Each structure stands twice: as structure tokens, then as C-alpha cells.
Amino acid sequence: MFKKIGIIDRVLFSDYKNIIFIVIPVVLLITCLNSDYLIYLSLILLIIPVLFYNREVFLFFIIVSLLTLVGDVSEGLRVYVLIFSYTSLGYLFLNKYGFEFIKYPRVPKSVLLFLFFLFFSLFISSIFSKYTITGFIQIFYMSALFILMYLIYGMINSIREVKIFVYGLILASLIMASSAIYNMLASGADIYKLGVESHLRFLGLLSNVSAIGGYIAVVTPILVVSLLYTHNKKIKGIIWCAIVIECLGLITISSRGGMLSVFASCVFLFAVLNRKIFTAIIFISIPLLIAFFMTPWGEFIIAILRLDHGLSQRDSLWMLSIEMIKHNFFFGVGPGAWGKEMFNYFPVMLDSYAGQLFRNLYTVTGGVNNSHNFYLAFFSDMGILGLICSIALPVVYFKLCYKTIRKIKQRDNKIYLLILGASAIGVGMFIRGFIEEISLISYRLSVDIPFWTIFVIVIYIYQNYEDFNLKRSTH
């Protein structure tokens, strides 16, 4: 079905350098438009690749649309994008593999065992829950995520497609960060007074700032790694601009989870790649940081990090989840049942300030698990089986990254850095999991896609490195 269109292929995907030049203009265009125009533009962007029958362009815009339009932009558009994406990817998958299951791309046993145990835990918890139907609905959402990820996995033929999906992640994250920055600038806010006096946080295309923080937490380590193997000064300048946009986005949304994740990822990268420089930076930074906090700008930094707010009621939410766990240790309250049970374990008075915040949180999120801790969220939802799942995920992820690095470390520096970047993403995201429950496995399709796309890329390289000459396929 798909034919190569030479001009489009050379302009967009002949080399990673070319696509970066279209990223910033598209980001600025989309974030400056209102939602109605955004819908029309998005529809056009989805249709154009189909009209040109260019597989790479098509896959690029599919991943971007899934990451940016399956959110809070429009309910109708969300349904359209999901139906369009699943149908088109499903058709391409069957067109490529047919029903010969032996040809289907294989998944490592450790990942299959994790998925089996995850769905087993979801099923058992749902059966023993008072909200069995709600549990089965969450199982459906979880199944939809992993079916989508497997379809994307099946579309990867070489490192060429890996690049396409990475570029899509970068563009989507820049759109999210830029939309938040644009909203802040459009409000005419004074960023210094905003941080010190009002503690407001600006939203982007997603109303959940933690979700936007998750996007940035996944993409920023990729951008940092890109600097290490990019020698072109112009391209380095563009990557630095992208990193600045991501950092400004984090400040604008005031996502402490995102900041923690990015910091942890970068510390890991520097510690692995050059420990001498890393140690020197630490010794130089500590006295400079202390001196900086003694200046008026220190007040601004404290406000941006919301250190004066303490844990922002996270400790109360943690206590709420812990109380649930005490009474539902073995099977949990059930997938998706946290919001239905939260008022039975309220750690504060309903008419107190914290109680009003929790009620508003319940209204805004629709009652999804808001433990603000990935491990507590799984524990409270699925009991001890959920806790095992939450611990097993980073174990499986890092084990696969480690095995892949061992395969390629001395053979392909670019791919080695890519997997090292994926490892750094895991470090940041799983540490972030102690204060955020979102963006790993959270029953919300679009916000979990970035992390799992990286996981799929790691799986592909691990499974296929011996069978493909990756160096040739990158050209």
C-alpha cells in the first residue's frame, strides 16, 4: 500500500538532522492556535500522510497525534484519533504479518511473564473487589495500551523507525511544554512575582501537570544524550534550544516530579559517562548553590519548587492509601476503585482546607488513584500482588537495558548511548514514582505511551541487534 515518495523521504527522514528543522515551527504553530483551529489542523496532519502513502511520515504523525490529541483537547477528536490509529496500525500490522503467528515479532520472556502476572493480578483483584465491573473496565484500558504498544513494536523494521518514534516523542513533548509556556506568556504574568507570590501553575494541552511532567521527563534525557554524539554546532544549538524549552516548561507547570526525574536521569548519565567531571561538578555546585540560595533569587527557586508548601498534601494521600492497604492487604480495593473508597479512609476533615482540596481532586480526576506514589497506587489497587508488580516493572526494565548494553557497548556507540539514555529515563521515572503515580502504568492511555514507547525501542534493539546490521540501517 505504502510507496516511497522520494522528495518527502529525503526532506523529512533521510537524516535525523533534517527533521529537527521542522520541529520548532510546528510546535510554535500548534501552540499558538486555539482549540478549534487545532482540531482542523490535526485532522489535516493525519490525512496528508495517508494521501501521500509515505509510511515513515504516517507513523511519525500517528505517534505525535496519539501523544498530543488523545487528551483534553476534544472528546470527539480523542475518539477519532484512537479509532483512526488502532485501525490503521492494525491494518498495517496484518498487511505485514498476516495471520501467520510464527512471523509475529517476539517479546522477551521476562516481559511476557511480567505482563501475565500484571493481568493475573488485575483479574484476581477485580474478582474480589466490590467494584468488579470497574476492575474489568480498567483491564480493558490496560489491554488497549499494550495492544497499541505491540502494534507500534510490529512497525519497527530498523533503527530508521526507531528514530521516527523518538522524533515523535520529542515533538510531542515540545508541544506540551510550549503550550504551557504560551499560556503563561498569554496571561501577561510576571514569572518572578508568579512564583514568589501566587504559586500558580499553568497548564498546557493536558490539564494534568504531572502528565506533562512525565512527557518532559522521558524526552529530556534523550536530548541530553543527543548532544553527546552530535558534532554539528548548528544541530547542537537546536538541541540546546529544545532542552531550554523543556526546562522552561517544567518551571511553568511547576512539576516537582518532573524536575526530580530529569535531575535523577542527568545525574545517572553524567555519573556513568564521566565520573571525574561529575564529581567536579558536584563539588563546585554545592557551594555555588548555597551562595545562590542566600540571594533574592533563592526565594524564587523555593517558590518554583514549592518547598514552602511541604509535600503539597502528598503525605495525607499516602496515609489514605496506607489505610486502604491495611484493610485490603491481599487483594486491594480493586483496579479503579481507589476513588470510590477514598472517602471511607479520609485522613482529614471533609470541611477542612485539605479536605476541600481532596474533593476537588476527586472531581477533576474522576476518582482515579491519586496516591501520588506509583508503588502505593498498585499496592492499594491490587494488594500484595500489585506491590510485586510495581517492583517487578523496574527490575524487568533495567535487566533488559543492562543486557542490551552488554551486547552493543563495544560495537555501536550511537545505539549504546540511546540505550544508556533509556536506562537514565528509567532511573528518573522510577524515582519519580515515589511522588507521582502517573506515566508508568496508570490506566490512562496517552500519558503512559511515552515511557512504553521507549520500552518498546529497548525491546526491539535487544531482540534484533544480532539479526540486523544496525549501523547500515541508520543511513
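Here the structure is a predicted model, which is why all the values come from computation and not from measurement. Excluded from the calculations below are hydrogen atoms, water molecules and symmetry mates; all remaining heavy atoms, backbone and side chain alike, are included.
Between Phe378 and Ser121 the shortest side-chain heavy-atom distance does not fall below 4.5 Å. Looking only at side-chain heavy atoms (C-beta outward), Val162 and Ile415 stay at 4.5 Å or farther from each other. Side-chain atoms of Leu67 and Leu169, non-hydrogen and from C-beta on, do get closer than 4.5 Å to each other. The closest side-chain heavy-atom distance from Arg160 to Glu56 is below 4.5 Å. In this structure, Ile62 and Phe84 have side chains that are in contact, with non-hydrogen atoms separated by less than 4.5 Å. Residues Tyr150 and Val107 meet the side-chain proximity criterion, which asks for heavy atoms closer than 4.5 Å. Residues Tyr397 and Ile454 have side chains in contact (heavy-atom distance under 4.5 Å, counting atoms from C-beta outward). Taking 4.5 Å as the limit, every side-chain heavy atom of Phe374 sits out of range of all side-chain heavy atoms of Met429.
When atom types are taken as modelled, the side chain of Ser129 and the backbone of Val333 share a donor-acceptor pair closer than 3.5 angstrom. A donor-acceptor pair is defined here as one N or O able to donate and one able to accept, closer than 3.5 Å; such a pair exists between the side chain of Ser179 and the backbone of Met176. Side-chain atoms of Ser88 come within 3.5 Å of backbone atoms of Ser85 as a donor-acceptor pair (strictly under, hydrogens ignored). Without hydrogens or angle criteria, Asn95 side chain to Tyr91 main chain gives no donor-acceptor distance under 3.5 Å. Side chain of Asn373 to backbone of Phe434: a donor-acceptor contact under 3.5 angstrom is found. Between the side chain of Glu341 and the backbone N or O of Ala337, no donor-acceptor pair lies under 3.5 Å. At least one donor-acceptor pair closer than 3.5 Å links the side chain of Glu161 to the backbone N or O of Ser158. Using modelled atom types, one side-chain atom of Lys96 and one backbone atom of Gly154 make a donor-acceptor pair closer than 3.5 Å. Checked by atom type and distance alone, the side chain of Ser125 pairs as donor or acceptor with a backbone atom of Phe331 at under 3.5 Å. Of the possible donor and acceptor atoms, none in the side chain of Ser321 sits under 3.5 Å from a partner among the backbone N and O of Trp318.
Minimum heavy-atom separation, Leu317 to Ser371: CB-O, 4.2 Å. Scanning both residues, Ile384 and Phe379, for their nearest heavy atoms gives N-CE2, 3.7 Å. Residues Ile181 and Gly249 share a closest heavy-atom pair of CD1-N, 3.8 Å. Among all heavy-atom pairs drawn from Ser439 and Arg432, the shortest one is CB-NH1, 3.5 Å. Smallest separation of non-hydrogen atoms from Leu118 and Cys389: CA-SG, 3.7 Å. Closest non-hydrogen pair, Glu246 versus Leu223, comes out as CG-CD1, 3.9 Å.
In this structure, OG in Ser110 is found 8.0 Å from CG in Leu112, a value given to the nearest 0.5 Å. Of the inter-residue distances, the one linking Thr404 atom OG1 with Leu420 atom CG reads 12.0 Å to the nearest 0.5 angstrom. To the nearest 0.5 Å, atoms CG (Leu417) and CD1 (Ile405) are separated by 9.5 Å. Rounded to the nearest 0.5 Å, atoms CH2 (Trp338) and CE (Met324) are 5.5 Å apart. Taking CD1 from Ile408 and OH from Tyr416, the interatomic distance works out to 9.0 Å, rounded to the nearest 0.5 Å. Between atom CG of residue Leu145 and atom CD1 of residue Ile449 there is a gap of 7.0 Å, rounded to the nearest 0.5 Å.
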Problem - Evaluation steps, side chain to side chain contact (heavy atoms under 4.5 Å, CB included), between Leu148 and Leu66 - result: CA-CA 10 Å; Leu148 177 64; Leu66 282 170; 3.9 Å; yes
Practice task
Determine, step by step, whether Glu436 and Ser210 satisfy the side chain to side chain donor-acceptor pair (under 3.5 Å) criterion, reporting the C-alpha distance in whole Å, the side-chain angles of both residues, the deciding distance to 0.1 Å, and the verdict.
Solution key: CA-CA 7 Å; Glu436 298 285 1; Ser210 296; 3.1 Å; yes
Exercise for the section: I would like to know whether Leu376 and Glu437 meet side chain to side chain contact (heavy atoms under 4.5 Å, CB included); could you show each step before the answer? Expected result: CA-CA 8 Å; Leu376 282 180; Glu437 84 288 345; over 6 Å; no
Handout entry: Residue pair Ile156, Val456: steps toward the side chain to side chain contact (heavy atoms under 4.5 Å, CB included) verdict
Key = CA-CA 9 Å; Ile156 304 178; Val456 162; 4.0 Å; yes
Exercise for the section: Run the numbers on Leu387 and Ser390 for side chain to side chain contact (heavy atoms under 4.5 Å, CB included), then give the verdict. Expected result: CA-CA 5 Å; Leu387 177 62; Ser390 67; 3.9 Å; yes
Problem - Check against ring pair (Phe, Tyr, Trp, His ring centres under 6.0 Å), Phe119 and Phe123 - result: CA-CA 6 Å; Phe119 280 97; Phe123 180 78; over 10 Å; no
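Between Tyr153 and Phe165, a ring centre-to-centre spacing not shorter than 6.0 Å is recorded. No close placement of the Phe128 and Phe330 rings is indicated, their centers lying 6.0 Å or farther apart. Ring centroids of Tyr104 and Phe101 are separated by less than 6.0 Å, placing the two rings close together.
Using a 30° and 60° split on the angle between ring planes, Trp452 and Phe455 fall in the parallel class, below 30°.
Heavy atoms of other residues, nucleotides or ligands lying less than 6.0 angstrom from CZ of Phe263 number 12 at most. Shown here is Tyr141, whose OH atom has no more than 12 heavy atoms of other residues, nucleotides or ligands within 6.0 Å. Counting non-hydrogen atoms of neighbouring residues, nucleotides and ligands closer than 6.0 angstrom, the CZ atom of Phe117 exceeds 12 such neighbours.
Considering only residues two or more places apart in sequence or on other chains, Leu151 meets the side chain to side chain contact (heavy atoms under 4.5 Å, CB included) condition with Tyr86, Leu89, Phe93, Ile147. Applying the side chain to side chain contact (heavy atoms under 4.5 Å, CB included) criterion to Leu227, with sequence neighbours excluded, gives Lys236, Ile239, Trp240, Ile243.
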